[in-house]
Protein chains: 2
Amino acid sequence: MLVVQSTSVKTHAVVAPSLPSSGAPAEPPALVAGEASASGVGSPSFSPLYQQIKSLILRSLQAGEWRPGEAIPSEIELAARFKVSQGTVRKAVDELASENLLLRRQGKGTYVATHTEERVQYRFLRLTPDQPEHAGPVQREFLDCRRLRAPADIARLLQLKAGDMVVEVRRVMHFAGKPVVLDDIWLPGHLFKGLTAERLSDYKGPMYGLFETEFGVRMIRAEEKIRAVAAGEVEAALLKIAVGAPLLSVERLSHTYDDQPVELRRGLYMTEFHHYRNELN
Amino acid sequence: MLVVQSTSVKTHAVVAPSLPSSGAPAEPPALVAGEASASGVGSPSFSPLYQQIKSLILRSLQAGEWRPGEAIPSEIELAARFKVSQGTVRKAVDELASENLLLRRQGKGTYVATHTEERVQYRFLRLTPDQPEHAGPVQREFLDCRRLRAPADIARLLQLKAGDMVVEVRRVMHFAGKPVVLDDIWLPGHLFKGLTAERLSDYKGPMYGLFETEFGVRMIRAEEKIRAVAAGEVEAALLKIAVGAPLLSVERLSHTYDDQPVELRRGLYMTEFHHYRNELN
DNA sequence: GAGTGGTCTAGACCACACT
DNA sequence: GTGTGGTCTAGACCACTCC
């Protein structure tokens with residue numbers, strides 16, 4: 001299971017032989033010498049232990065061993081399971097937490113991240129009111145939800161075969177009662193069987209919460225391409241603005257585990273009283 | 001210097017008294033009990049050791065003890081200087097590296113990050129060609145560079161007093177020979193004495209490299225607010241597009257150490273053949 | 001080979017949350 | 001009090017870089 005590419009592995013017992021008589025200083029973990037893949041020289045594809053642990057935890061997450069919102073086993077338990085030290089588990093969990101897949105809570109445990117939490121609600125929606133006055137409650141209006149064969153460009157981006165089924169959703173988001181965002185969304189049909197406009201309308205809270213709860217699809221990471229465009233007739237009517245008015249075009253490709261694309265979204269944002277915020281580091 | 005708020009600090013020598021006769025197991029670090037600030041109870045403002053180390057390193061960076069591109073002392077040296085273990089220094093340096101203030105290079109050392117490196121050149125410019133064909137060389141054309149009293153809104157954002165001097169720069173960036181970006185830039189006058197259009201034009205490479213090399217101002221972090229706007233007459237002429245064409249408006253506030261704002265930039269991006277890319281995690 | 005960052009371990013102790 | 005994550009240490013060994 002766990003792979004260590006080096007040949008000699010020693011515990012520090014070698015240099016501290018006069019320890020209290022607690023028996024043998026615990027056998028070293030079940031380490032297997034150089035496997036990984038082909039080639040037999042020194043370290044052809046070195047991968048640290050904590051990375052291997054990270055992959056194992058990731059696999060359990062993906063397999064649904066622990067559900068979103070639930071606690072994963074404690075560091076001590078994981079260390080015992082994987083036969084490594086707590087420090088190594090810690091490093092693996094630290095990275096997963098920094099990637100927003102896990103959530104650490106001191107004194108309580110480590111939890112599987114979820115989109116249904118209030119606090120992380122706007123992790124993916126970067127549109128922010130210019131003034132607090134324009135904040136107000138968010139309202140989602142679903143205009144359409146149909147199943148169809150994926151157009152070529154959609155299929156390519158979602159890594160589907162030409163002709164595969166997709167679910168197409170059109171919706172408008174209202175901020176403080178005014179239409180601000182028009183989204184067209186495409187989802188792989190085989191992952192979202194039974195998704196209807198009604199289920200979308202009935203669900204309270206962000207869409208990704210529904211996807212996670214009802215369809216077991218967890219959005220982990222996304223890329224966005226942003227442009228300025230002029231409103232067409234249809235868009236102008238839906239957002240109640242003038243034809244030709246400048247809009248922010250946001251094309252988002254969302255991924256789940258393993259970087260597999262599972263959602264394509266083309267959004268048009270009215271940015272007269274809102275802006276897209278970003279942080280550069 | 002280093003502050004530990006707890007009362008009892010023990011080395012593990014306590015539980016391993018039968019160590020080889022290497023003398024006393026090294027005295028514990030020069031730890032000072034509860035200081036931090038006022039109040040005397042348990043742990044009123046607990047701050048871990050590595051955070052304190054991080055602050056000390058940050059202070060040295062800010063004071064220019066090591067210049068951009070230079071190596072900082074090795075972990076072992078820093079551990080000795082601060083009288084903590086290498087692991088604690090490591091954690092401090094790790095965080096600074098993850099914030100892009102330091103750059104670790106295995107086998108070589110840890111270096112102060114710089115904007116003059118090829119690899120990090122486009123850390124702040126998120127505009128990307130849609131097709132590789134539109135890539136081409138970047139060309140910077142400086143149209144204006146003048147000193148003036150800061151308008152109220154500029155002064156407020158840069159946290160200057162009304163009437164303080166600022167340097168105002170206008171420039172156009174060309175991609176593959178075509179104008180794509182129009183930037184208006186404001187800099188605090190007292191930090192950029194002697195900045196002229198000529199010096200800007202003569203410098204090859206990104207502006208932030210010049211700022212860092214010539215003025216000792218290092219951009220660490222920035223926030224951007226993005227909108228869609230319609231091109232006005234002046235902008236249209238400079239970017240060679242039609243009046244009213246949609247443009248991406250990017251307002252950037254850049255900060256140096258201590259989150260002090262040191263640059264305000266209002267950019268207009270032509271996004272017909274380029275897009276602003278962003279990653280969501 | 002020497003020096004640097006990177007990994008791994010083992011153990012002690014602290015801060016925090018629940019009970 | 002018990003259990004969880006968080007900090008800190010000390011030491012061994014590995015991978016990488018340069019001389």
Side-chain angles (χ1 to χ4, degrees), chain A residues 2 4-16 19-20 22 25-29 31 42-54 71-79 82-95 97 102-111, chain B residues 2 4-16 19-20 22 25-29 31 42-54 71-79 82-95 97 102-111:
Chain A
L2 304 180
V4 166
Q5 288 82 349
S6 89
T7 46
S8 73
V9 174
K10 302 168 190 171
T11 67
H12 78 282
V14 174
V15 281
L19 279 172
S22 60
E27 54 188 323
L31 302 167
S43 32
S45 60
F46 173 72
S47 160
L49 243 192
Y50 75 87
Q51 287 285 4
Q52 301 176 43
I53 304 299
K54 194 178 155 186
I72 71 170
S74 75
E75 293 179 353
I76 293 174
E77 284 177 85
L78 289 173
F82 299 130
K83 296 213 173 65
V84 298
S85 78
Q86 188 182 351
T88 301
V89 168
R90 173 174 294 277
K91 181 137 189 180
V93 171
D94 275 346
E95 290 209 351
L102 296 176
L103 193 64
R104 314 197 73 147
R105 290 192 229 176
Q106 180 171 158
K108 299 190 66 177
T110 301
Y111 295 79
Chain B
L2 303 180
V4 166
Q5 289 82 350
S6 88
T7 45
S8 73
V9 173
K10 304 169 189 170
T11 68
H12 78 283
V14 174
V15 282
L19 279 172
S22 60
E27 55 188 322
L31 302 168
S43 33
S45 61
F46 173 71
S47 161
L49 244 191
Y50 76 87
Q51 287 285 6
Q52 301 176 43
I53 304 299
K54 195 178 155 186
I72 71 171
S74 75
E75 292 179 352
I76 293 174
E77 284 176 85
L78 289 173
F82 298 131
K83 296 212 173 64
V84 298
S85 78
Q86 189 182 351
T88 300
V89 168
R90 173 174 293 277
K91 180 137 188 179
V93 171
D94 275 346
E95 290 209 352
L102 295 176
L103 194 64
R104 314 195 72 147
R105 290 191 227 177
Q106 180 173 155
K108 298 190 67 175
T110 301
Y111 295 79

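Residue numbers start from 1 in every chain, and the chains themselves are labelled A, B, ... in the order their sequence lines are given, proteins ahead of strands. The figures that follow rest on heavy atoms only: side chains count, while hydrogens, waters and symmetry mates do not. Worth saying up front: this structure is predicted, and the values here are computed from it rather than measured.
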[X] [atom1] to [N] [atom2]: how many Å, rounded?
X      : N      : atom1 : atom2 : value
B/Y111 : D/dT17 : OH    : P     : 11 Å
B/K108 : D/dC18 : NZ    : P     : 4 Å
B/F46  : D/dT7  : CZ    : P     : 7 Å
B/L49  : C/dA15 : CG    : P     : 12 Å
B/Y50  : C/dC13 : OH    : P     : 21 Å
B/L103 : D/dT17 : CG    : C1'   : 15 Å
A/Q52  : C/dC8  : CD    : C1'   : 12 Å
B/R105 : C/dG3  : CZ    : C1'   : 16 Å

Counting heavy atoms from C-beta on, name the nucleotide in [options] closest to the side chain of [X].
X      : options               : answer
A/V84  : C/dG5, C/dT9, D/dC8   : C/dT9
A/Q106 : D/dT17, C/dC18, D/dG6 : D/dG6
B/S74  : C/dT4, D/dT4, C/dT7   : C/dT4

Distance check, rounded to the nearest 0.5 Å: [X] atom [atom1] versus [Y] atom [atom2]?
X      : Y      : atom1 : atom2 : value
B/K83  : B/T88  : NZ    : OG1   : 14.5 Å
A/S85  : A/K91  : OG    : NZ    : 11.5 Å
B/L103 : B/K108 : CG    : NZ    : 10.5 Å
B/L102 : B/Y111 : CG    : OH    : 12.0 Å
B/L49  : B/Q52  : CG    : CD    : 5.5 Å

Here DNA chain C, pairs taken as Watson-Crick or G-U under 3.5 Å and shown with ( ), [ ] when crossing and | when to another strand, reads ||||||||||||||||||.

For B/L78 and B/P73 the tightest heavy-atom approach is CD1-O, 3.7 Å

Scanning both residues in full, the closest heavy-atom pair of B/A92 with B/K54 reads CB-N, 3.8 Å

Between A/Q51 and A/G107, whichever has its closest DNA chain C nucleotide further toward 5' is A/Q51

Per the under-4.0 Å heavy-atom filter, residues of residues 85-95 of chain A near DNA chain C come out as A/S85, A/T88, A/K91

